[in-house]
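This report concerns only the one structure given below.
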Amino acid sequence: MVGNDDPVLWVWHPRTGRQTIIFATPSHRGWTFLWSPGGQGSVEELEVTATALRQALDTSQP
């Protein structure tokens, strides 16, 4: 966790070393995770969100 009391995570891919910061923000459907470049996912669909984040950090993914 980074950002003291702010809902922010710093994550990295163990094999590629690519990293990003994830912001958790309230939305009309609950909480949404946002990360660069342009990624986002719902807290209600954590498996889909985790897959999208993994693909964003894995350089071997299309």
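Residue numbers count from 1 along this sequence. Since the model is a prediction, treat every value here as computed from it, not as a measurement.
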Notebook entry, point to check: Yes or no on side-chain contact (heavy atoms from CB on, under 4.5 Å) for V43 and T32, after CA distance, side-chain angles and deciding distance?
Noted result: CA-CA 6 Å; V43 78; T32 299; over 6 Å; no

Next item on the list: Please report the C-alpha distance between T20 and L57 in whole Å, then the side-chain angles of each, then the deciding distance to 0.1 Å, and finally whether the side-chain contact (heavy atoms from CB on, under 4.5 Å) criterion is met.
Entry: CA-CA 8 Å; T20 192; L57 297 177; 4.1 Å; yes

Check: Would Q19 and W10 satisfy side-chain hydrogen bond (donor to acceptor under 3.5 Å, both in side chains), going step by step from the backbone distance to the final call?
Finding: CA-CA 7 Å; Q19 51 192 309; W10 172 50; 2.6 Å; yes

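Both W31 and V11 belong to a common hydrophobic cluster when Ile, Leu, Val, Met, Phe, Trp and Tyr are linked at side-chain heavy-atom distances under 4.5 angstrom.
Residues F23 and V8 share a closest heavy-atom pair of CD2-CG2, 3.7 Å. Scanning all heavy atoms of the two residues, the minimum distance from W35 to A56 falls at NE1-CB, 3.7 Å. Closest heavy-atom contact between R54 and H13: O-CD2, 4.2 Å.
Here OG of S27 is found 8.0 Å from CD of E44. Values are rounded to the nearest 0.5 Å.
Without hydrogens or angle criteria, T16 side chain to D58 main chain gives no donor-acceptor distance under 3.5 Å.
Considering only heavy atoms from C-beta on, I22 comes within 4.5 Å of L53 through its side chain.
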